[in-house]
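Worksheet: one structure, shown below.
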Amino acid sequence: MCGHVRTILLLLVVRSVNWTHAAQDECKDYAVQFERVFSVPGDAAMINCTLASPSVFNLSAVSYEVDWYRVETGRALRNVSRHVLVRGETLWLLNVTMQHDGHYQCVLRTSASDCYKQSTRLVVERPPQGECGRPRKASQSLTVGVTDTLACPMEDVFNTLRSYGVPASITWYRGCDMIDDGFDGHVYRNRARLKIQDVDSRNNQPYTCTLNFNLDGVAASMSETIQAWVQEDFCFEPHVLQPANDSVKAAIGSRLTRKCQVFVPCIGTVPDNLIIDVLWWDDIDFISTNNSERIFASEPRIWRANVPRKGVWMETVLTISSLEETDFLVNYTCRVHNARGIPEAHFVVLPQEQGDLVAVGCALGGVAALAVITLVVYFRFKIDVVLFFRSSFPVFYANKAMVDSVHDNMLASRRLLLLYGASSFSCTHSHHHHHHNTNNNNNNLGEEVCLDQQRQHECTVGMHQALMEGTLKVVLVELEEVSAAQLALFPESLRHLRRKQGAVCWWKNHNHQQQLNPKSWTTCTGKSSPSRTGTRYQEEVHSPACLSPSSRFWKEIRYHMPVRGKSAAAPERTALLKV
């Protein structure tokens, strides 16, 4: 009887297996997926079924269930042991051995009687003898001299456990040594990341991250190894400095140019083959570099710099040759494309109102008027300002000790006032014996004033020494207006000094004064000195006009005088008396 029962049960199992294979044969086969799963003995392995995807069937329209099978044996895998678990579309092997190496197939059946199947390859490898970490390693780069981060390549496992509500922890190893959080510049961060401060060549070695968790009462762990390599030449994400997400006002028909300036910070040696694209875009498409179009962008200009930061500068200019109404309120965007990111910045053109033009014109006009007024005031009242400053702020003019001060003041007080008229340096001959005109108001009185050649040479040399060699400070006082023809008869040294520093013009301050008579100098009392005309003496006369210079004249004279600084108390001295 027992043997008969065992035969019936065996027939039922065989029929069940045959029915399962027949059902799988009716499924649409997606073959072996490209991605493989790698593990080592003692670790856990997680295999996901990728058939539950919108690309396979409509997930929202039907329900489904997933079964797992070992392809080599055809055995169905269910929660028959503590080390093999099925959670939805995921198969967990919590304690992998070398016998687990092989293919695992997921079969997905929908409520609409559709069936799909796909296999995944699990590769189980032994770690190399004497080495720590996994035999297969991921590769990640670190940048020398900065703070950088390593990411544990088990983000999908971490997220799956979190969806179960299962807590997990990460432990990091450098080589074979466990890393304590905060040790030697290594800081644990959330989401399975390790921050490394001040990266250098010591970090150029393998790092292993181990994920520890407990699933259905079974403690398990998974590990991944990263081969970190330190880059000494590295460029970061570009920075768009201009434009600055701002706006600019312009008038219709005007020409507008705007610069896009990009900086790519680098460390180490800046590579020559840096691949970066800088393009201008409007709201629809990128802007051409054809300069025959109304709106165009220039070709990027590239140069390298070491200060203030090392890196690469790029610049391109957007030009709108003539603004139209359709150009306003458009986002003109400068966009940078490279492997580190796609940063961008934009600007908007706003129509310029008439009030803005008036304000700009008024501002420019005000500045121009202020400049003109400043120049007029300076040249008109320069002497008054300088004299006021000298008298009001004598502290800025330092004095010396008493003896030196007296000596310097004597030297500084030496001024030569050279008074001359229009005919002071002209050579005329006496004509009184030919003509009987004795007009006293004539500048040429008919008297012989020419010097012989030797005396004229001595006068010229003396004049040159006084005016050109700088032994004396000469102040020219011009008593009457001098014409160009009269000026041509002046000594060259006097003409040079007159051009260089000018002259104090007495005659400008007395426009209504009588013509000066070189032979008869009228004083403020109205009396004249005797002057010889022919054989008789001229009597004293009362002049209606007086040679009384104005305050303006004396200010100009003081302007050319030495500066008198603030008086200082003489230092105390100790007298040595002899008895």
Between atom [atom1] of [X] and atom [atom2] of [Y], what is the distance when rounded to the nearest 0.5 Å?
| X | Y | atom1 | atom2 | value |
| --- | --- | --- | --- | --- |
| D285 | D283 | CG | CG | 11.5 Å |
| D29 | E26 | CG | CD | 13.5 Å |
| I320 | D327 | CD1 | CG | 5.0 Å |
| C152 | M222 | SG | CE | 9.5 Å |

Practice task
Verify side chain to side chain contact (heavy atoms under 4.5 Å, CB included) between V248 and L350, making sure each step is shown before the conclusion.
Solution key: CA-CA 6 Å; V248 59; L350 302 177; over 6 Å; no
Whether [Y] and [X] form a salt bridge (side-chain N of Lys/Arg under 4.0 Å from carboxylate O of Asp/Glu) is what I want to check.
| X | Y | result |
| --- | --- | --- |
| R258 | D246 | yes |
| R294 | E324 | yes |
| R109 | D67 | yes |
| R340 | E237 | no |
| D277 | R335 | no |

Over 12 foreign heavy atoms within 6.0 Å of [atom1], [X]:
| X | atom1 | result |
| --- | --- | --- |
| R87 | CZ | yes |
| E232 | CD | no |
| I275 | CD1 | no |
| E325 | CD | no |
| R193 | CZ | no |

Exercise for the section: Could you give me the CA-CA distance, side-chain angles and deciding distance for W172 and F183, then say whether ring pair (Phe, Tyr, Trp, His ring centres under 6.0 Å) is met? Expected result: CA-CA 11 Å; W172 284 91; F183 172 75; over 10 Å; no
Handout entry: Flag, side chain of D181 to backbone of Y188, donor-acceptor distance under 3.5 Å
Key =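 At least one qualifying donor-acceptor pair exists.
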Handout entry: Whether N338 side chain and G341 backbone form a donor-acceptor pair below 3.5 Å
Key =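 Yes, the answer is positive, given that a donor and an acceptor are paired below the 3.5 Å cut-off.
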Handout entry: Residue from L318, T333, N331 passing side chain to side chain contact (heavy atoms under 4.5 Å, CB included) with F347
Key =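 That would be L318.
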Polar side chain donor-acceptor pair, [X] to [Y], under 3.5 angstrom:
| X | Y | answer |
| --- | --- | --- |
| N245 | H346 | yes |
| E89 | Y64 | yes |
| T225 | T208 | yes |
| N290 | S288 | no |
| Q33 | Q118 | no |

Problem - W303 six-ring face occupied by R301 cation (under 6.0 Å, within 45°) - result: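 Yes, R301 and W303 form such a contact.
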Handout entry: R75 to Y69 six-membered ring, cation-pi geometry met (6.0 Å, 45°)
Key =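 No - R75 does not lie over the ring of Y69 by the 6.0 Å and 45° rule.
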Taking the side chain as C-beta and beyond, is there a heavy-atom pair between [X] and [Y] under 4.5 Å?
| X | Y | answer |
| --- | --- | --- |
| Q197 | D184 | no |
| V349 | L329 | no |
| L211 | F158 | yes |
| W280 | F286 | no |
| L77 | L91 | yes |
| V240 | E344 | no |
| C115 | L108 | no |
| V264 | W313 | no |

Practice task
Over 60° means perpendicular and under 30° means parallel, so classify the ring planes of F57 and Y116, tilted if in between.
Solution key: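 Ring orientation of Y116 relative to F57: parallel.
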Handout entry: I226 vs S139, side chain to side chain contact (heavy atoms under 4.5 Å, CB included): CA-CA, chis, key distance, verdict
Key = CA-CA 6 Å; I226 304 167; S139 180; over 6 Å; no
Exercise for the section: For the pair V123 and D101, evaluate side chain to side chain contact (heavy atoms under 4.5 Å, CB included) and give the outcome as yes or no after the intermediate values. Expected result: CA-CA 5 Å; V123 180; D101 186 280; 4.2 Å; yes
Practice task
Among R136, K137, R36, find the one that has a salt bridge (charged side-chain N to carboxylate O under 4.0 Å, His left out) with E125.
Solution key: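 With E125 as partner, salt bridge (charged side-chain N to carboxylate O under 4.0 Å, His left out) holds for just one option, R136.
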Exercise for the section: Would you check, one step at a time, whether the test side chain to side chain contact (heavy atoms under 4.5 Å, CB included) holds for W281 with I287? Expected result: CA-CA 5 Å; W281 293 73; I287 298 174; 5.8 Å; no
